[in-house]
Each structure stands twice: as structure tokens, then as C-alpha cells.
Amino acid sequence: MQAVIAIPETIFMSGKRRAAEQLLQNICGVPLLIRTVATAARAGATEILLICPEILSDELIEECTKRALQHSMPIKAVRLSEFKPQAPSSWTRVNPQLQRAFLWVPWNWVSTKRFLTGLPLIGIRSVDWSRPAYVTVHEVDRDGPPLSRSQTDEGVAVTSPDSAAASERFLVAHSGKALDGIHSSFNRRLCRPFVRLLSHTEVTPNEVTFAGVIISVVSAIAFAQGGYLASVAGALIFFVAGLFDEMDGMLARVKFAETPRGTWLEGFADGLSYLMLFAGITVGLSKQYGKAALWMGFVLFVGALLALVVTSLGRRLATAPDRPNEYLDRFYRLLEKDSGNCVSRAVRHVQAFEKRGVMIHYVVIFTVFGGLPVLFVLATIGAHLTWILALYFNHRFFSSKLSVNTPREAL
């Protein structure tokens with residue numbers, strides 16, 4: 001798919017320097033024009049046609065092209081004087097460069113790939129050129145009734161410092177996942193101010209992940225002290241560690257810093273945090289219940305370790321090496337298609353309760369109300385059910401590497 005982005009001559013009314021500042025102003029750590037290009041690429045664009053006014057300097061075009069290549073998105077720049085999207089004659093001039101259908105994105109439109117991929121195909125005469133659209137060009141050279149379909153215009157046009165701030169709030173507010181439940185959505189609301197602040201620093205998502213692990217160590221130490229107040233402190237600290245787990249993904253998405261290594265690191269950090277949490281709880285409960293708690297802790301440790309190994313294997317089988325972040329989304333879609341199977345149906349209904357974003361709430365609730373031993377037993381049962389069911393679904397859905405491209409969905 002082709003994406004078309006045009007830079008208007010009007011932004012040069014205040015001079016070339018001011019125009020460059022507008023084009024490359026920082027929005028959550030990414031220059032505005034580069035963010036527009038990268039978002040279009042995330043939405044499925046494989047070719048970017050950048051329509052530039054003749055007044056735009058070669059140096060600025062080279063700078064934009066260089067930065068776009070950092071996001072693995074090449075740009076084809078075309079110089080046109082007085083290009084006006086509303087004028088059919090302008091499109092006739094650029095027609096040889098256009099594909100039959102293309103994604104139009106205003107140069108200053110801040111949005112997300114989810115909204116851009118939801119745009120319906122409309123005729124070129126029906127487009128509101130101040131908003132993104134998925135456009136067919138066959139009306140350029142002939143008359144005909146325009147296509148009448150609604151447009152999705154979710155996003156913010158950056159035209160001032162206030163709208164730039166609003167665009168950052170928009171990005172951070174939509175930096176979650178489509179599968180977020182009420183607990184994760186609540187957690188992410190707490191994280192939004194910090195994510196926006198971090199996006200303007202050199203802090204990387206992986207560094208946020210490591211910080212969450214360190215906080216989990218502190219939580220485990222608090223639980224290991226035993227006693228009610230120490231356990232409550234440990235639960236609250238673990239809740240904060242869970243927020244760091246939310247922030248690393250949010251920060252990666254708003255800064256286009258998602259990597260396969262980061263996805264694997266986040267999964268490993270989650271598993272390690274659970275192991276340390278339950279190790280601390282084991283030591284703390286052993287001061288009350290003696291060897292029984294130690295044995296239960298050992299059983300829980302084995303279950304949690306097996307769950308980490310088997311789910312990591314499932315991620316490797318279910319996704320391409322460069323897209324491990326697609327594992328959960330693909331797994332949930334397969335569960336939906338397999339709803340005729342009683343095991344899949346049951347797991348689909350309860351899987352949300354196993355997410356870390358939910359678990360941090362349960363740890364606090366059970367600890368505050370003196371139910372830590374009950375949580376300990378439930379976690380032990382849940383850990384072993386997790387690896388057993390993960391092994392079952394690995395075989396059912398992802399029995400071979402071929403399943404990445406040709407999944408066994410005839411279930």
C-alpha cells in the first residue's frame with residue numbers, strides 16, 4: 001500500500017527555519033513528520049510518497065529521509081509547486097506517481113496505526129483533506145458519484161504548542177493494547193504522566209523493564225520479613241513494579257522503539273518478577289507455617305518455572321522471529337475460533353485473570369485482607385494449570401513452525 005504525505009507551502013510563510021522546526025518538532029520523542037511517516041508504515045504502507053514544495057531545501061529532505069530510514073521506511077520525494085489537495089489538477093500532475101488506491105495522511109496528523117488501518121475506501125472527491133483517508137483515485141480523470149462512507153478521524157492535527165501537547169496526551173492515552181481489560185486500562189491511566197515525561201528523555205523501554213525487576217526484588221525482600229505490615233508494604237511495592245511493566249510497553253509504542261529483543265526481555269522480566277515474589281512470600285509464610293510453606297513454595301516455584309518455559313516455547317512457535325509481540329493476540333483469536341472446544345471456551349473466559357496487570361491488584365487485596373496463604377495456594381494451582389494448558393495449546397495450535405504462516409485452524 002502507498003501512503004501519500006504532502007508538505008504545504010504555507011508553512012514557509014514564517015521562513016525556512018521556522019518551517020524546519022515545525023516539520024521536525026518533537027512529539028513524544030519522535031520528530032512530527034517522521035512520526036507521520038512511521039505511523040503510516042505501521043498501518044501497512046510499504047511506499048511513502050512525500051510531495052514537497054520547491055522551496056523545501058535539499059538538506060531538510062535528506063534529514064527527513066535519513067531519520068525515516070532509521071524506522072526502516074524509505075521515502076520517495078517529489079517536488080511540486082503550488083500543490084493543493086482540493087484541486088483535481090494537482091492530483092492530475094502527480095497521477096503517474098500514484099497507486100490506484102493510497103493512504104492519505106496530513107503531514108501534521110498524529111494518530112495510531114489502529115485508527116489508520118480502520119479507514120474505509122472513499123472516492124477522491126469525498127475526502128476531507130485535513131484528515132487522513134484511504135482514497136481511490138479513479139475519479140481524478142473522470143466524472144462520477146463520490147463514494148459515501150464515513151471516515152475515521154481519530155487523531156490530532158498539530159498546529160500550535162497546545163495541539164502538540166494534546167497530540168502527546170492522545171498518543172499516550174492510546175498506547176495500550178486492544179486486549180486491555182479494565183484492570184490494565186486503570187493501570188495505564190496511572191502511568192500516562194510518567195510515560196509522557198519519559199518520552200522526552202533518553203530512557204529506553206528496556207531500562208524501564210530493568211527498573212521494574214529491581215523494584216520486584218525490593219517487594220520480595222519485604223514479603224520475606226513476614227508479618228502483616230511488611231507483607232502489605234511488599235504488596236504495594238509489587239503493585240508499583242507492575243506499573244513499570246505497563247510503562248515499558250507504552251513507552252516503546254509511543255517512541256516506535258518496539259523490538260523483538262524487548263518483547264522477549266519483558267516476558268523474561270515478568271516471569272522473574274513472579275518467581276521473586278513467590279520466593280519472598282514463601283520465606284515470609286515459613287515463619288508462620290514452617291516447612292509446610294517451604295514445600296508449597298517449592299511446588300509453586302516449579303510450576304511457575306515450567307509455565308515460563310512452556311509459554312516462551314509457545315511464543316516462539318506461534319510468531320515470526322521479528323514479531324514475538326503478536327503472540328497473545330494470535331492466541332486469543334485462535335481461542336475464539338476454537339470456541340466449540342470446552343477447554344478453549346473455559347480458558348478464553350478465565351485467561352484475563354492471569355495477566356500481571358490483574359495479578360498486582362489481587363496481591364494487594366489478598367494481602368491487605370489477610371488472605372495471603374489463600375493466594376499462595378491459588379497461585380500454586382494456577383501455575384501448574386498454566387503450563388499444562390500452555391503445553392496443550394502449543395500442540396493444538398502451534399504444533400510446528402509452519403503454523404506461523406499456515407495455522408492449524410481446522411479445529
Side-chain angles (χ1 to χ4, degrees), residues 1-12 16 19-80 83 85 91 94 97-99 101-119 127 129-135 137 152-159 163-164 167-168 170-172 174-175 199-200 251-259 322-323:
M1 179 177 70
Q2 182 185 55
V4 178
I5 301 169
I7 300 175
E9 292 184 347
T10 53
I11 71 169
F12 289 89
K16 291 185 178 181
E21 291 175 353
Q22 286 183 272
L23 290 169
L24 300 178
Q25 63 181 305
N26 194 318
I27 304 295
C28 281
V30 180
L32 176 56
L33 182 59
I34 304 308
R35 176 173 291 282
T36 304
V37 170
T39 304
R42 295 292 177 90
T46 55
E47 176 185 322
I48 300 294
L49 179 64
L50 183 64
I51 303 175
C52 309
E54 292 183 345
I55 194 174
L56 188 66
S57 67
D58 292 334
E59 292 78 9
L60 188 54
I61 293 178
E62 291 175 2
E63 177 69 13
C64 293
T65 301
K66 179 181 177 181
R67 296 198 185 196
L69 285 174
Q70 294 176 354
H71 296 277
S72 303
M73 194 67 245
I75 293 179
K76 180 180 180 180
V78 176
R79 290 183 180 275
L80 285 178
F83 178 82
W91 290 106
V94 77
Q97 307 289 339
L98 294 177
Q99 295 181 2
F102 62 88
L103 177 67
W104 163 263
V105 187
W107 69 275
N108 60 343
W109 189 265
V110 173
S111 187
T112 67
K113 74 170 186 177
R114 192 184 344 158
F115 296 129
L116 294 185
T117 53
L119 293 170
V127 176
W129 295 107
S130 64
R131 292 179 172 84
Y134 185 37
V135 187
V137 300
T152 300
D153 58 358
E154 297 284 354
V156 178
V158 178
T159 57
S163 59
S167 72
E168 292 188 336
F170 172 87
L171 286 173
V172 174
H174 292 87
S175 61
S199 71
H200 290 281
L251 184 63
R253 283 184 282 276
V254 299
K255 295 187 72 171
F256 298 117
E258 300 159 284
T259 64
D322 61 334
R323 299 194 301 272

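A quick note: this is a predicted structure, and the numbers were derived from the prediction, not measured.
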Item to check | Validation row, ring centre W107 to ring centre F83 under 6.0 Å | outcome: no
Item to check | Closest non-hydrogen atom pair, A101 against Y134 | outcome: CB-OH, 3.9 Å
Next on the checklist: In the structure I gave you, are the side-chain heavy atoms of Q22 and L32 within less than 4.5 Å of one another anywhere?
Outcome noted: no
Checklist entry - Which residues pass the side chain to side chain donor-acceptor pair (under 3.5 Å) test with T46, sequence neighbours left out? => result none
Next on the checklist: side-chain contact (heavy atoms from CB on, under 4.5 Å) for F102 and E47? Distances and angles first, verdict last.
Outcome noted: CA-CA 10 Å; F102 62 88; E47 176 185 322; over 6 Å; no
Checklist outcome for this item: For C28 and E168, the nearest pair of non-hydrogen atoms, with its separation, is N-OE2, 2.9 Å
Checklist entry - Quick one: side-chain hydrogen bond (donor to acceptor under 3.5 Å, both in side chains) pairs with a partner in residues 30-40, sequence neighbours left out? => result none
Checklist entry - Quick one: CZ on F115 to CZ on F170, what's the gap to the nearest 0.5 Å? => result 4.5 Å
Checklist entry - Hey, mind stepping through L50 and V37 against side-chain contact (heavy atoms from CB on, under 4.5 Å) and telling me if it holds? => result CA-CA 9 Å; L50 183 64; V37 170; 5.7 Å; no
Checklist entry - Strictly by modelled atom types, are E154 and H174 linked by a side-chain donor-acceptor pair under 3.5 Å? => result no
Checklist entry - Considering all heavy atoms of both residues, which atom of Q99 and which atom of Q2 are nearest to each other, and what is their separation? => result N-OE1, 3.0 Å
Item to check | Closest non-hydrogen atom pair, W104 against P85 | outcome: CH2-CG, 3.8 Å
Checklist outcome for this item: Taking every heavy atom of P132 against every heavy atom of L116, the minimum-distance pair comes out as CB-CD2, 3.8 Å
Item to check | Test side-chain contact (heavy atoms from CB on, under 4.5 Å) applied to V4 and V135, step by step | outcome: CA-CA 10 Å; V4 178; V135 187; over 6 Å; no
Checklist entry - Can you tell me how far CG of L33 sits from CD of Q25, rounded to the nearest 0.5 angstrom? => result 10.5 Å
Checklist entry - Who are the side chain to side chain contact (heavy atoms under 4.5 Å, CB included) partners of S163, not counting sequence neighbours? => result V156, V158, T159, S160
Checklist outcome for this item: One should read off an interatomic distance between K255 NZ and S199 OG, to the nearest 0.5 angstrom, of 6.5 Å
Next on the checklist: What's the separation between atom CG in L49 and atom CG in L103, rounded to the nearest 0.5 Å?
Outcome noted: 12.0 Å
Checklist entry - Side chains of P31 and L23: does their closest heavy-atom pair fall under 4.5 Å? => result no
Item to check | Non-hydrogen atoms of S167 and I27 that approach each other most closely | outcome: OG-CG2, 3.6 Å
